[in-house]
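Reminder, nothing fancy here: chain letters follow the sequence lines and each chain counts from 1.
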Protein chains: 2
Amino acid sequence: MPRAGLSSDAVIERAAQLLEEHPDDDLTLAELAQSLGVRTPSLYKHIDGLPGLRRGIMLRAKRDLAAALAQATIGCARHDAVRALAAAYRAWARANPAQYPATIRAPEPDDAADQAASAAALDVIFTVLAGYDLTGDDAIDATRFLRAVIHGFVSLETAGAYKLPTDLETSYAKAVDAMVTALDTWRRP
Amino acid sequence: MPRAGLSSDAVIERAAQLLEEHPDDDLTLAELAQSLGVRTPSLYKHIDGLPGLRRGIMLRAKRDLAAALAQATIGCARHDAVRALAAAYRAWARANPAQYPATIRAPEPDDAADQAASAAALDVIFTVLAGYDLTGDDAIDATRFLRAVIHGFVSLETAGAYKLPTDLETSYAKAVDAMVTALDTWRRP
DNA sequence: CCCAATGGCTAATGGCAATAGCTAGACGAT
DNA sequence: ATCGTCTAGCTATTGCCATTAGCCATTGGG
């Protein structure tokens, strides 16, 4: 019985890889175990069953996305920051299309780690929008709009809903432009 | 052996109901059969296994959504049509949150019925945007933007991502306003 | 009234997640 | 070096689910 030298992180990372490699068929513990050169029950020494594995993948994804967003917006403000955020968000989703849907799932109310990971990503957005002098409900509405545009585009793109041959880069650039313009004149009525 | 009087449509409709009733645990043929007062294998006389059931639910959802959108935009033009479309889209998603994700899945290339159902919904959007005199890539970019804003907001809302107490109706209204304004001046650079 | 079509059933198979309990290897303390 | 403990693997087992094969009763058209 040679030891495989697994760990919780190693198992989760491998699972995320498998998820990206064939996104169609849902991830199975049996497949994951085989891919790690181990029998299925052995995985339970590192993860808490299938739900625990899914949670691990989700947490990993949320943290990674939040870090990418934070990284991308360092030293930028206003329009530049919004564009950098939008670009980094889309780049992450395109690089991890199978994990992306997990990143928008609302955290469970009693899961502190999940709450923290979700909040980290939201904080980046709030910080970016802080340059627009929006307060109260205006800031919240603007945040919701920004998330809607970016998530909406990226989600439809990675789901394969944009099938026409027209260039996606240009379409996204125009969408981001429209969003930036809207944010500029957000306070009004 | 009294007959249960099932049909393909009845089975699919019941499955959609169950899906909405408890969206968490994924739909099982065993549960569906029990809910219909029938043994599991009997379902195979009406649907083509679990994949066939899922496809049936998806088709039903896409057609229903497309019909709702078409219905809502009758007799409207430009801003009014866009607002009506946005309102109807969100209303449908809120009424059928568990089925909504199925409606954005890209159709399989060889599934004619799926292609048709998806195209029906897209046609409504194209028709609504026809009032804006957009042509070529401009029209496609605008369509993508419109879908991104509406789907993005609705998707995040039904996923529970908008947790703050601020009124969602107002937030959506502002987002739709911003989108309408952007569409007004879509052609430019 | 008959008979073909069909919608229900039971039985059986195989895959998967999950649990219980065993065992060997790693590692620290003496 | 040796012992003892801890733990990461394992096998065996259970139970649920989807799926298929094959049987039988009901239905409805000639």
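The aromatic rings of B:Tyr100 and B:Tyr89 sit perpendicular to each other, their planes meeting at more than 60°, with 30° as the lower class boundary.
Residue B:Ser42 has no polar side-chain atom (N or O) positioned under 4.0 Å from OP1 or OP2 of C:dG7. Here A:Thr28 does not reach the OP1 or OP2 of C:dG15: none of its side-chain N or O atoms lies under 4.0 Å away. Within the structure, a side-chain polar atom (N or O) of B:His46 is placed less than 4.0 Å from OP1 or OP2 of C:dG8. For D:dT11, one of the phosphate oxygens OP1 or OP2 lies less than 4.0 angstrom from a side-chain nitrogen or oxygen of A:Arg39.
Taking atom OH on A:Tyr44 and atom P on C:dA17, their separation rounds to 7 Å, with Å as the unit. One can place CG of A:Leu53 at 10 Å from P of C:dA18, the figure rounded to the nearest angstrom. One interatomic measurement links the two molecules: CG of A:Leu27 to P of C:dC16, which rounds to 12 Å at whole-angstrom precision. If you take CG of B:Leu50 and C1' of D:dT19, they are 11 Å apart, rounded to a whole angstrom. Counting to the nearest Å, the P atom of D:dC16 and the CG atom of A:Leu29 are 18 Å from each other. Atom pair A:Asp25:CG and C:dG15:C1' shows a separation of 14 Å (rounding to whole Å applied). We find that CZ of B:Arg54 is positioned 11 Å from C1' of D:dA18, with the value rounded to whole Å. At whole-Å resolution of the value, CG in A:Asp9 and P in D:dA8 are 14 Å apart.
Considering B:Asp111, B:Asp48, B:Asp114 as possible partners of B:Arg55, the one that fulfils the side chain to side chain donor-acceptor pair (under 3.5 Å) test is B:Asp111.
Checked against C:dG8, C:dC16, D:dT20, the side chain of B:Lys45 finds its nearest nucleotide in C:dG8.
Remark: the A:His46 side chain and the A:Ser7 side chain contain no N/O donor-acceptor pair separated by less than 3.5 Å.
When each of B:Glu31 and A:Pro41 is assigned the nucleotide of DNA chain D bearing its nearest heavy atom, the one mapping closer to the 5' terminus is A:Pro41.
In this structure, B:Ile150 and B:Arg90 have side chains that are not in contact, with every pair of non-hydrogen atoms separated by 4.5 Å or more.
Aromatic ring centres of B:Tyr162 and B:Phe153 lie closer together than 6.0 Å.
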